[in-house]
Amino acid sequence: MDLKLYNTLSRSKETFVPIKKNKASIYSCGPTVYNYAHIGNLRTYVFMDVLRRILQYCGYEVTSVMNITDVGHLLSDRDTGDDKMVKAAKEQNKTPEEIAQYYTSIFFKDIERLNILCPQFTPKATEHIAEMIEVVKALLDKGFAYETADGIYFDISKFPNYGKLSRANLEEQLAGARVNVNTGKRHPADFALWKKAEPNHIMQWQSPWGMGYPGWHIECTAMSNKYLGDVFDIHTGGIDHVPIHHENEIAQAESWLGKKAVNYWMHSEFMLVNGGKMSKHLKNTYTVDDLIEKGYSPMEFRYLCLNVQYRQKLNFTWESMESAKMAYQRLATHLYEHKQSAAKTDKKVLDGFLKEFDEAISDDLNVPMAMGVLWKMIKLPASKDVYETALVMDKVFALDFDKVQAAPQATQDAPQEIIDLANLRKQARKDKNWAESDRLRDEIASKGYRIKDTADGFELEKS
RNA sequence: GGCACCAUAGCCAAGCGGUAAGGCAGAGGUCUGCAAAGCCUUUACGCCCCAGUUCAAAUCUGGGUGGUGCCUCCA
């Protein structure tokens with residue numbers, strides 16, 4: 001199967017050609033663990049996951065790496081301001097290690113709930129300081145970097161291709177940029193590889209340039225190289241990383257290695273809320289727990305993400321979240337019916353759907369279209385074969401199709417009080433006492449449950 | 001101000017040269033004591049506007065208009 005992927009570098013879809021036959025290596029920019037991951041962040045990891053699953057579906061043996069940034073991410077890319085970890089630690093009166101540990105564990109819990117396969121390697125920046133120092137030393141030796149009073153900087157004038165990923169015109173971009181006299185940088189876009197620490201800085205390590213801490217970009221180069229080698233297949237991240245972080249990564253990695261390090265750069269678009277930007281100020285940076293609190297499951301959110309192609313902005317609204325919830329639940333109901341059926345379906349028909357599915361996902365991860373194929377397929381008469389085929393598709397969707405169960409689960413979980421009322425109503429209906437049965441339905445509703453009459457009794461649903 | 005991306009029904013969205021996928025919501029029907037769920041049917045004579053290329057355009061080109069993002073931190 002020909003897999004086409006959109007490469008930000010060429011701004012076009014390219015046929016994926018792996019470095020090693022039947023193998024694929026992916027490096028994904030992971031979280032800076034100074035806060036909870038919001039649903040916008042998570043969308044990017046769902047994308048990372050879908051990419052990995054599609055590669056696996058296509059038969060590739062995937063090695064994936066995602067960094068955990070627990071030092072070095074400055075508040076400003078102009079190389080000024082505090083380190084994010086240090087700032088969060090100060091604000092919460094904890095050590096950076098405590099901050100990192102806390103948010104890292106929450107992050108892993110979140111991605112697990114969203115069925116995002118954990119990458120095989122999730123290296124922490126603080127555990128790879130030595131590797132980073134080696135890269136910085138090499139860049140200094142080769143003349144791509146220089147030392148100033150406050151750190152080591154990459155000299156972008158030594159890298160003529162600087163800007164090739166974002167296609168930004170440096171001169172125009174920086175025309176209005178403020179010049180920071182303190183850093184002693186030769187060019188405003190030169191970026192920090194290493195920062196010298198003030199004596200009281202709470203995160204610092206010994207280096208050839210005294211005590212200090214790494215710049216943000218260097219970790220990705222050092223760690224991707226350690227775990228994936230000089231050249232690897234795919235580098236993913238949020239689209240916001242194109243202009244600075246990934247541009248810098250390319251500059252330092254290619255200068256250091258003397259060759260191209262990454263073949264395919266893939267970036268996922270942002271999530272919007274009500275058509276606008278997510279921001280803490282607008283209080284719309286929801287977390288998975290926020291969704292759960294509002295009655296939406298992680299799988300329903302994953303379904304929502306799968307409904308939009310990764311290079312399109314995803315407009316999150318509560319209406320669309322509700323829509324995803326309804327759709328996902330119905331999907332599960334349908335699948336359960338298929339699962340229970342012993343009937344057969346012509347294999348040719350199923351193979352036809354599977355072919356459509358393959359074409360969709362191999363066209364730059366067109367998961368929304370693949371989802372459309374699934375919906376068409378489940379409209380077939382109930383059959384176990386349809387269910388089995390859906391399970392094949394679920395290798396990519398990862399929507400827990402293997403766990404679908406009968407809808408009335410809530411009936412068994414309902415408190416005894418509700419069950420008793422429901423039984424009273426059952427009797428009233430038997431007696432054709434409609435006034436009483438309607439009254440009991442209202443009472444059950446007022447206690448948070450919806451009752452449905454069935455042939456042999458009732459079903460309860462939490463409302 | 002500079003740059004980029006986008007504009008498809010009430011909402012979320014596929015399609016990217018051959019005559020509008022899918023989901024949600026809505027409407028009608030069926031079922032039900034009445035409901036709910038399910039099921040069936042239905043919902044854009046048109047894809048922001050105006051020109052142009054073409055036998056053929058939502059899809060290509062040019063010009064508008066509008067939105068979002070980046071150039072400060074962001075997935």
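In what follows, chains carry the letters A, B, and so on, assigned in the order in which the sequence lines appear, proteins first and then strands, with residues in each chain numbered from 1. As the structure is a prediction and not an experimental result, all values here were calculated from the model.
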K.L.:
Considering only the P atoms, how many Å lie between A44(B) and A4(B), rounded to the nearest integer?
P.N.:
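Here A44(B) and A4(B) have their P atoms 37 Å from each other.
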K.L.:
Take the protein atom CZ of Phe270(A) and the nucleotide atom P of A4(B), then report the distance between them rounded to whole Å.
P.N.:
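Phe270(A) atom CZ is separated from A4(B) atom P by 19 Å.
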K.L.:
On a whole-Å scale, what distance lies between the C1' atoms belonging to C70(B) and C47(B)?
P.N.:
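Pairwise C1' distance, C70(B) against C47(B), rounds to 28 Å.
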K.L.:
Rounding to an integer number of angstrom, what distance separates U59(B) and A20(B) when you compare their P atoms?
P.N.:
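Those two atoms are separated by 14 Å.
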K.L.:
Send over the distance from Gln329(A) CD to G23(B) P, rounded to a whole Å.
P.N.:
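Checked: the CD to P distance equals 16 Å.
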K.L.:
Regarding Met271(A), tell me which of base, sugar-phosphate or nothing describes its non-hydrogen contacts under 4.0 Å with the strands shown.
P.N.:
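Counting heavy atoms under 4.0 Å across all strands, the contact made by Met271(A) includes a base.
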K.L.:
How close or far is atom P of C74(B) from atom CG of Asn284(A), stated in whole angstroms?
P.N.:
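Going from Asn284(A) (CG) to C74(B) (P), I get 18 Å.
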K.L.:
Once you round it to whole Å, what is the distance between P of A75(B) and CG of Asp240(A)?
P.N.:
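Atom-to-atom, Asp240(A) to A75(B), this comes out as 6 Å.
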K.L.:
Across nucleotides 11-22 of chain B, 5' to 3', mark each nucleotide with B, S or - according to how protein heavy atoms within less than 4.0 Å reach it.
P.N.:
SSSSS-----BB
K.L.:
Could you measure between the two C1' atoms, the one in G29(B) and the one in G22(B), and give it in whole Å?
P.N.:
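So the two C1' atoms sit 23 Å from each other.
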K.L.:
Roughly how many Å is it from NE2 in His241(A) to C1' in A4(B), rounded to a whole number?
P.N.:
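So the two atoms are 17 Å apart, to the nearest Å.
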K.L.:
For Gln92(A), I'd like to know if atom CD has over 12 heavy atoms of other residues, nucleotides or ligands within 6.0 Å.
P.N.:
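Buried by this count: over 12 neighbours within 6.0 Å.
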K.L.:
Between Lys313(A) and Glu269(A), does any side-chain N to carboxylate O distance fall below 4.0 Å?
P.N.:
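Salt bridge present between Lys313(A) and Glu269(A).
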K.L.:
If you look only at pairs with a residue in residues 373-404 of chain A, which of them pass as a ring-ring contact (aromatic ring centres under 6.0 Å, His included), with sequence neighbours excluded?
P.N.:
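Residue pairs passing ring-ring contact (aromatic ring centres under 6.0 Å, His included), neighbours aside: Phe357(A)-Phe397(A).
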K.L.:
C6(B) and C48(B): how far apart are their P atoms, nearest whole angstrom?
P.N.:
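13 Å, rounded to whole Å.
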K.L.:
Start with the C-alpha distance between Tyr310(A) and Val367(A), add both sets of side-chain angles, then the distance that settles side-chain contact (heavy atoms from CB on, under 4.5 Å), and finish with yes or no.
P.N.:
CA-CA 9 Å; Tyr310(A) 76 94; Val367(A) 181; over 6 Å; no
K.L.:
Taking atom P in both A27(B) and G10(B), compute the distance separating them and give it to the nearest angstrom.
P.N.:
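After rounding to an integer number of Å, I get 15 Å for this pair.
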K.L.:
Measure the distance from CG on Leu331(A) to C1' on C24(B) and round it to the nearest whole Å.
P.N.:
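Between C1' of C24(B) and CG of Leu331(A): 13 Å.
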K.L.:
Just call it for His38(A): base, sugar-phosphate, or nothing, with non-hydrogen atoms closer than 4.0 Å on any strand.
P.N.:
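The residue His38(A) makes base contact.
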K.L.:
For Ala327(A) and for Glu269(A), locate the closest nucleotide of RNA chain B by heavy-atom distance; then report the residue assigned to the nucleotide nearer the 5' terminus.
P.N.:
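Result of the comparison: Ala327(A).
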K.L.:
Looking only at atom C1', what distance separates A25(B) and G64(B), rounded to whole Å?
P.N.:
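So the two C1' atoms sit 34 Å from each other.
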K.L.:
Using the C1' atom as the point on both nucleotides, what is the distance between A9(B) and U42(B), in whole Å?
P.N.:
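So the two C1' atoms sit 14 Å from each other.
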K.L.:
Closest-nucleotide mapping onto RNA chain B: is Ile39(A) or Tyr328(A) further toward the 5' terminus? I mean the 5' end.
P.N.:
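Nearest-nucleotide comparison on RNA chain B picks Tyr328(A).
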K.L.:
Under 4.0 Å between a Lys/Arg side-chain N and an Asp/Glu carboxylate O for Lys109(A) and Glu112(A)?
P.N.:
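Answer for the salt bridge query: no.
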K.L.:
Any carboxylate oxygen within less than 4.0 angstrom of a Lys/Arg side-chain nitrogen, looking at Arg302(A) and Asp400(A)?
P.N.:
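Answer for the salt bridge query: no.
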K.L.:
Rounded to the nearest Å, what distance is computed from the CG atom of residue Leu272(A) to the C1' atom of nucleotide C74(B)?
P.N.:
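Those two atoms, CG and C1', are 13 Å apart.
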K.L.:
Pick from Tyr286(A), Tyr303(A), Trp318(A): which one makes a side chain to side chain contact (heavy atoms under 4.5 Å, CB included) with Tyr296(A)?
P.N.:
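The residue from Tyr286(A), Tyr303(A), Trp318(A) that satisfies side chain to side chain contact (heavy atoms under 4.5 Å, CB included) with Tyr296(A) turns out to be Trp318(A).
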K.L.:
Could you go through residues 32-39 of chain A and list every donor-acceptor pair under 3.5 Å that involves a side-chain atom there, pairing it with any protein atom two or more places apart or in another chain?
P.N.:
unit_1, atom_1, unit_2, atom_2, d
Thr32(A), OG1, His73(A), ND1, 2.6
Tyr36(A), OH, Tyr102(A), OH, 2.7
His38(A), ND1, Asn41(A), ND2, 3.4
His38(A), NE2, Asn41(A), N, 3.4
His38(A), NE2, Asn41(A), OD1, 3.4

K.L.:
Polar atoms only, N or O, under 3.5 Å: list the protein pairs with nucleotides 31-33 of chain B and their distances.
P.N.:
unit_1, atom_1, unit_2, atom_2, d
G33(B), O6, Arg425(A), NH2, 3.3
G33(B), O6, Ser437(A), OG, 3.1
G33(B), N1, Asp438(A), OD1, 2.9
G33(B), N2, Asp438(A), OD1, 3.4
G33(B), N2, Asp438(A), OD2, 2.8

K.L.:
Looking at His334(A), does any N or O in its side chain come under 4.0 Å of the phosphate oxygens OP1/OP2 on C39(B)?
P.N.:
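For C39(B), OP1 or OP2 has a side-chain N or O of His334(A) closer than 4.0 Å.
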K.L.:
Below 4.0 angstrom, N of the basic side chain to O of the carboxylate: do Asp438(A) and Arg441(A) qualify?
P.N.:
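Judged by the 4.0 Å cut-off on N to carboxylate O distance, Asp438(A) and Arg441(A) do form a salt bridge.
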K.L.:
Would you find more than 12 non-hydrogen atoms of other residues, nucleotides or ligands less than 6.0 Å from Glu14(A) atom CD?
P.N.:
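For Glu14(A), atom CD is crowded (more than 12 foreign heavy atoms under 6.0 Å).
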K.L.:
With Watson-Crick and G-U wobble geometry limited to distances under 3.5 Å, how should the secondary structure of RNA chain B be encoded in dot-bracket form, using | for bases paired to another strand and [ ] for crossing pairs?
P.N.:
(((((((..(((.....[...))).(((((.......))))).....(((((..]....))))))))))))....
K.L.:
Would Arg113(A) and Asp289(A) count as a salt bridge (Lys or Arg N to Asp or Glu O under 4.0 Å) here? Give the steps.
P.N.:
CA-CA 10 Å; Arg113(A) 288 193 290 190; Asp289(A) 282 326; 3.1 Å; yes
K.L.:
Check step by step if ring pair (Phe, Tyr, Trp, His ring centres under 6.0 Å) holds for Tyr264(A) and Phe16(A).
P.N.:
CA-CA 8 Å; Tyr264(A) 302 87; Phe16(A) 178 63; 5.3 Å; yes
K.L.:
Name all residues meeting the ring pair (Phe, Tyr, Trp, His ring centres under 6.0 Å) criterion together with His241(A); count only those two or more places apart in sequence or in a different chain, and write none if there are none.
P.N.:
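By the ring pair (Phe, Tyr, Trp, His ring centres under 6.0 Å) rule, His241(A) matches Trp216(A), His245(A), His246(A).
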K.L.:
Can you measure Met326(A) atom CE to A36(B) atom P for me and round it to whole angstrom units?
P.N.:
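One finds 13 Å between P of A36(B) and CE of Met326(A), rounded.
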